[in-house]
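From a predicted model like this one, the values you see are computed outputs, not experimental measurements.
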Amino acid sequence: MKKARLAIFVSGSGSNAEAIMRYFNAHPSIEVALLLSNNPQARALRRAEVFHVPTIVFNREELHQGKVLDYLIQAEITHVVLAGFLWLMPTSILNHYSHRVINIHPSLLPKFGGKGMYGLRVHEAVLAAGETESGLTIHEVTAHYDEGKIFKQVKCAVLPGDDASSLASRVLKLEHENYPRVIEAWITSSADQPN
Ligand code: GRF
């Protein structure tokens with residue numbers, strides 16, 4: 001059987017992208033075939049080189065006028081993974097990859113999601129709300145920020161004395177531990193469904 005071919009979209013550091021590339025390195029049925037970024041300075045691009053994953057940098061026009069979808073089709077991508085990607089996905093890509101686009105968010109959605117909720121802002125909002133737990137959400141991507149069917153949530157404690165950075169580190173560690181395995185389960189469970 002042909003391997004599933006993942007494309008990872010990322011805007012910045014790419015520590016989740018690295019965890020995913022490491023996990024699927026030499027995997028029997030899933031490979032990371034492409035990493036795409038809207039940010040030419042993204043550290044994720046250098047991380048991809050280490051794993052010999054091809055990279056593409058694109059701009060907003062290319063995303064919205066079909067060029068990026070062409071790249072995905074040319075590379076025979078079967079599933080799309082967002083890992084710290086800050087732009088909305090156009091409906092052309094969501095329609096072509098119906099139910100095959102997944103995202104991770106560093107809070108327990110629907111709390112602390114939506115436009116502008118990324119990076120430390122998420123964790124600052126969690127602390128400001130006096131939450132005693134936070135965590136991650138892995139969900140299907142729609143045309144709106146941080147909506148879509150939830151596949152998995154993993155919780156962690158908010159500890160006395162936490163600041164946004166310490167909470168972010170705790171959640172990020174959980175992300176690295178969980179995102180690759182959830183992607184694997186998601187692809188495996190969708191394997192028999194038509195595109
Ligand atoms: C992660 O916290 C992820 O949940 C969010 O963006 C962050 C990306 O971090 N969507 P990294 O680039 O993977 O280090």
Kindly determine whether L63 and I93 satisfy side-chain contact (heavy atoms from CB on, under 4.5 Å), including the steps that lead there.
CA-CA 9 Å; L63 181 63; I93 292 179; 3.9 Å; yes

For residues L94 and F58: do they belong to one hydrophobic cluster (side chain heavy atoms under 4.5 Å, members Ile, Leu, Val, Met, Phe, Trp, Tyr)?
yes

Main-chain N/O of L159 paired with D162 side-chain donor or acceptor, under 3.5 Å
yes

Minimum-distance pair of heavy atoms, taken over all atoms of G14 and A44:
CA-CB, 3.8 Å

When you compare the side chain of N178 with that of K152, does any pair of heavy atoms fall below 4.5 Å?
yes

Do V122 and H105 have side chains that get closer than 4.5 Å, going by heavy atoms?
yes

Starting from the C-alpha separation in whole Å, work towards a yes-or-no answer on side-chain hydrogen bond (donor to acceptor under 3.5 Å, both in side chains) for H139 and Q153.
CA-CA 9 Å; H139 64 96; Q153 292 192 304; over 6 Å; no

S15 pairs by side chain to side chain contact (heavy atoms under 4.5 Å, CB included) with which of R43, H176, K173?
H176

Might you point out which heavy atoms bring V141 and L82 nearest each other, and give the distance in Å?
CG2-CD1, 3.7 Å

Hey, is the main chain of Y71 close enough, under 3.5 Å, to the side chain of Q74 for a donor-acceptor pair?
no

Is it the case that the side chain of R47 and the backbone of S13 share a donor-acceptor pair, with hydrogens and angles ignored and the cut-off at 3.5 Å?
yes

Check whether Y23 and L172 end up in the same hydrophobic cluster, where Ile, Leu, Val, Met, Phe, Trp and Tyr are linked by side-chain heavy atoms less than 4.5 Å apart.
no

Should V171 and C156 count as side-chain neighbours, where that means a heavy-atom distance under 4.5 Å?
yes

Kindly say whether N95 contributes a backbone atom to a donor-acceptor pair with the side chain of S98 at under 3.5 angstrom?
no

Which distance, rounded to the nearest 0.5 Å, do you find between the CG of L45 and the CG of N39?
7.5 Å

Side chain proximity check, I187 to L6, heavy atoms < 4.5 angstrom
yes

Looking at E131 and K111, does any basic side-chain N land under 4.0 Å from a carboxylate oxygen?
yes

Heavy-atom closest pair (N59 atom, W87 atom, distance to 0.1 Å) is C-CZ3, 3.9 Å

Check whether R100 reaches the backbone of V80 with its side chain - one donor and one acceptor, N or O, closer than 3.5 Å.
no

Any side-chain heavy-atom pair from N38 and F85 closer than 4.5 angstrom?
yes

If we check salt bridge (charged side-chain N to carboxylate O under 4.0 Å, His left out) with E31, which of these qualifies: R5, K3, K2?
R5

Transitively linked via ILVMFWY side-chain contacts under 4.5 Å: Y145 with I102?
no

Could you tell me whether a side-chain N or O of S37 sits under 3.5 Å from a main-chain N or O of V10, the two making a donor and an acceptor?
yes

Between atom CD1 of I56 and atom CD of E62, what is the distance when rounded to the nearest 0.5 Å?
9.0 Å

Specify the closest pair of heavy atoms between H123 and G119, including all atoms of both residues, with the distance to one decimal.
CD2-O, 3.6 Å

Using 0.5 Å steps for rounding, measure from the CZ atom of F24 to the OG atom of S29.
8.0 Å

Nearest 0.5 Å, please: how far is CD in E124 from CG in L127?
8.0 Å

Just by modelled atom types, is the V158 backbone N or O under 3.5 Å from a matching donor or acceptor in the S134 side chain?
no

Scanning both residues in full, the closest heavy-atom pair of G116 with R121 reads O-NH1, 3.1 Å

Interatomic distance, CE@M89 vs NE2@H64, rounded to 0.5 Å, equals 9.0 Å

Looking at R170 and A157, would you say the former's side chain and the latter's main chain have a donor-acceptor pair under 3.5 Å?
yes

Hey, are the side chains of F9 and L72 touching, using non-hydrogen atoms and a 4.5 Å cut-off?
yes

Report yes if the side chains of L35 and F51 come closer than 4.5 Å at any heavy-atom pair, otherwise no.
no

Same apolar cluster (I L V M F W Y, side chains within < 4.5 Å links), L34/I8
no

When the ring planes of H79 and W186 are compared, do they come out parallel, tilted or perpendicular, using 30° and 60° as the limits?
perpendicular

Validation row: I183, V81 side chains within 4.5 angstrom (heavy atoms)
yes

Rounded distance [0.5 Å steps], OG in S107 versus NZ in K155:
12.5 Å

With a 3.5 Å distance limit and no angle check, can you tell me whether H27 reaches the backbone of I30 through a side-chain donor-acceptor pair?
yes

Could you pull out the closest heavy-atom pair between P54 and A33, with the gap in Å?
CD-O, 3.4 Å

Does L174 share a hydrophobic cluster with I20, counting links as ILVMFWY side-chain heavy atoms below 4.5 Å and allowing steps through other members?
yes

K115/D146 ion pair, N-O < 4.0 Å:
no

